[in-house]
Protein chains: 2
Amino acid sequence: MARTRGVTIKDVARRAGVSITAVSHALNDKGTLSAATRAHIRTVADEMGYEADALARGLRRSTMGAVGLVLRSLDALGDYAPAGVDVFERFVGACASQALARGLSLMLVPDLTRAPVPPLAFSLDGYIVTNPHVDDPVVARLEERGIPYVTYGRPPGRPDFTHWASEDDRASARLVLSHLEGAGARSVALVRGTDPNSWNLEHQETYLGWCTEHRRAPRLYELPERAGVEGGAALAGRLVDDGLPDAVFCLTGRHAAGVQRGLLARGVRVPEETMVVTGSDSEHARNSRPAVSALELNPVDSSAALLDILQSLIAGRPADAPRLTQARFRPRASTRR
Amino acid sequence: MARTRGVTIKDVARRAGVSITAVSHALNDKGTLSAATRAHIRTVADEMGYEADALARGLRRSTMGAVGLVLRSLDALGDYAPAGVDVFERFVGACASQALARGLSLMLVPDLTRAPVPPLAFSLDGYIVTNPHVDDPVVARLEERGIPYVTYGRPPGRPDFTHWASEDDRASARLVLSHLEGAGARSVALVRGTDPNSWNLEHQETYLGWCTEHRRAPRLYELPERAGVEGGAALAGRLVDDGLPDAVFCLTGRHAAGVQRGLLARGVRVPEETMVVTGSDSEHARNSRPAVSALELNPVDSSAALLDILQSLIAGRPADAPRLTQARFRPRASTRR
DNA sequence: GTACGAACGTAAAACGTTTTATGCAATGCT
DNA sequence: AGCATTGCATAAAACGTTTTACGTTCGTAC
């Protein structure tokens, strides 16, 4: 309420016996001031604990020292904040450390296209966007405003755009498929999400390619990300009806947990009759019985690369090349035969 | 770079054929305008997609629509953004959903007392501070500036301060101790962190009280939070030298994982000779062999309560009462006899 | 008819910076 | 002596809002 605005540039100027301009110049290493006054002003400013007001400054310059993070999962998941550390939660943590290490603040921002856009949203210096969709409206708004951004996951259908870092989805998919092959699976069903992001698209593409190579009939299922465990359990019915595959590869951890639960409930033995794997490790996958084999993604490496790129963009420098990180496969009981 | 500032209030005024003041008043339901002009201005503004610039607005009003989150673990852990700080990562996620649901953005802010304070830090509407210390300097700076704040974990030594939500640390401690008692443990060592926050202090107090009640000699160890798994492993040596207790209760998950690893490395059988428990579940605890029994905290409930309180404070309304949430005990192999 | 409120609008100050454009000595050069 | 140059410092404009204080115009009561 009675917010005591800190000491202003005017206060410093008065105390140091100089003009406001002089203070600004002294503190920002601009203008033509004698070394002596510069030093004097700095001393006074320090004594008074002066810190420039970010809002006033931002109004003139156009850099705020803060970047936004649009976290798709927050919108998709709503209130759901599961026990355990999934990709996105780890990603947030990693982005935060990386940003702070660079003297930037990180602001969590909801979908930029929905009703009440948070006031500061368009005043931030740049954005990190997770898993952009095809023709992503969030990305569109940022471009419209000329705000620099980087993406975690390549924006689909934009081969020209290079400001991204990503998991190596194609490599991940092959890792899983070859593990299943090794465990004896001949028919593998893929359960992907419905968001048209490169995560879903590249996995699907690799899966279909692999089916062609190995002359297997592809069995592709789509399940909305938000359907969660329940959706997975329901899907198990369709899997059974369509004829049980040797293995089910679910891109999201919650779907995998649900599918496995649904299969077990229908009397299907896992992993004996059908194996289950997920492309994104999660608490649900780990806590299921049997524990679900999973790819462990590496959002930490990606976040560092992303902030490097973003900082370059903000400074108007040429940016680094995109970067792929490799996932590790965690075999667990659900694929152990 | 060439940031295209969106459409300004001036543009709207010109287009609607009215003064700037009229636009401001129309859009904020102030002043004395006829219903007709008000409506007209609103229409024009909508058409043009006008949105007030948050910086300019914040300069006059004092509310930004954004709150800060000071995450102690970020500072303590530095670049380390591991699976293993579960509570805090879940807490961030939960705060973010809660904030967004209320139309607030959430800004992650590092320690407010260190060198480069992020520019926006003191322009935010309010703060959530995790685990404040005794005489916490972060809290001091906020009070100095008159910025409202709430804390996750009670600020130690401030019985008057009621704007907090917390895990019920005393109940948690008793839950663990009675479980160990039930599993046959007679001598229990407590390994706490060194931060003087209520998490450490209340657990210690409860532990000591329990020792007195049960006429057991207390065995108290302090290990810096940042010592992590390595620190825990090193501590195992001291535990052995001092005479093996029946059980070790580590407040942090990484310490527990380390202690267990150190014990096993020294040939101590867990749980047969000595049991291990942690007061804060984490990836490390879950992934250890044997898996470490843990308290599963509930940051989600707390975050909701905190945002309620914070919103009241910002609005200048009286705030809700503090709130305690209960942890669940997750018995695992490390205490199974 | 003059005075007085309403009812409706607007001009201008303010918020705290940065930046642009000037001012004024003192110095250097013909 | 006269004129450009340099070195130092400042006044004032600008950023995009909100808010305060001030006009109008009109109808109504005296």
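Here is the naming used below: chain letters follow the sequence lines, and residue numbers restart at 1 for every chain.
- Checking the phosphate oxygens (OP1, OP2) of C/dA12, no side-chain nitrogen or oxygen of B/T21 falls inside 4.0 Å.
- Using a 4.0 Å heavy-atom cutoff across all strands shown, A/S34 reaches sugar-phosphate atoms only and no base atom.
- In terms of phosphate contacts, A/R57 brings a side-chain nitrogen or oxygen within less than 4.0 Å of OP1 or OP2 of C/dT18.
- Taking both residues in full, the closest heavy atoms of B/D125 and B/I147 are given as O-CG2, 4.2 Å, listed atom of the first, atom of the second, then distance.
- Rounded to an integer number of Å, the gap from CG of A/N28 to P of C/dT20 is 13 Å.
- In this structure, B/L120 atom CG and C/dG16 atom P are separated by 16 Å, rounded to whole Å.
- We find that A/D29 and A/R42 are joined by a salt bridge, their nearest charged nitrogen and carboxylate oxygen being less than 4.0 Å apart.
- Rounded to a whole Å, the CZ atom of A/R14 is 14 Å from the P atom of D/dA11.
- Along DNA chain D, the nucleotide nearest to A/A56 and the one nearest to A/R38 differ in position, and the one closer to the 5' end is contacted by A/R38.
- Between A/Y50 and B/A35, it is B/A35 whose nearest contact on DNA chain C lies nearer the 5' terminus.
- Nearest to the side chain of B/T32, among D/dT20, C/dG9, D/dT17, sits C/dG9.
- Proximity of B/K30 to the phosphate of D/dT18: no side-chain N or O atom is located under 4.0 Å from OP1 or OP2.
- Atom C1' of nucleotide D/dT18 and atom CG of B/L33 are separated by 14 Å, given to the nearest angstrom.
- Side-chain N/O atoms of A/S24 include one lying less than 4.0 angstrom from OP1 or OP2 on C/dT18.
- Taking 3.5 Å as the limit, the base of D/dT17 and the side chain of B/R60 contain no donor-acceptor pair of atoms between them.
- Regarding B/I20, its CD1 atom lies at a distance of 13 Å from the P atom of D/dA14, rounded to whole Å.
- The NE2 atom of B/H25 sits 13 Å away from the C1' atom of D/dC22 (whole-angstrom rounding).
- Of all heavy-atom pairs between B/A165 and B/S302, the closest is CB-O, 3.9 Å.
- Of all nucleotides listed (D/dT17, C/dG9, C/dT18), D/dT17 comes nearest to the side chain of B/A52.
- Applying the 4.0 Å criterion to OP1 and OP2 of D/dT10, one finds that A/S19 has a side-chain N or O inside that range.
- Computed from coordinates, the A/M64 CE to D/dG16 P distance equals 14 Å when rounded to whole Å.
- Spacing between atom CD1 of B/I41 and atom C1' of C/dT10 amounts to 11 Å, rounded to whole angstrom units.
- For A/F161 and A/Y149, the ring centers are positioned less than 6.0 Å apart.
- Note: B/N28 CG to B/R57 CZ = 5.5 Å, rounded to the nearest 0.5 Å.
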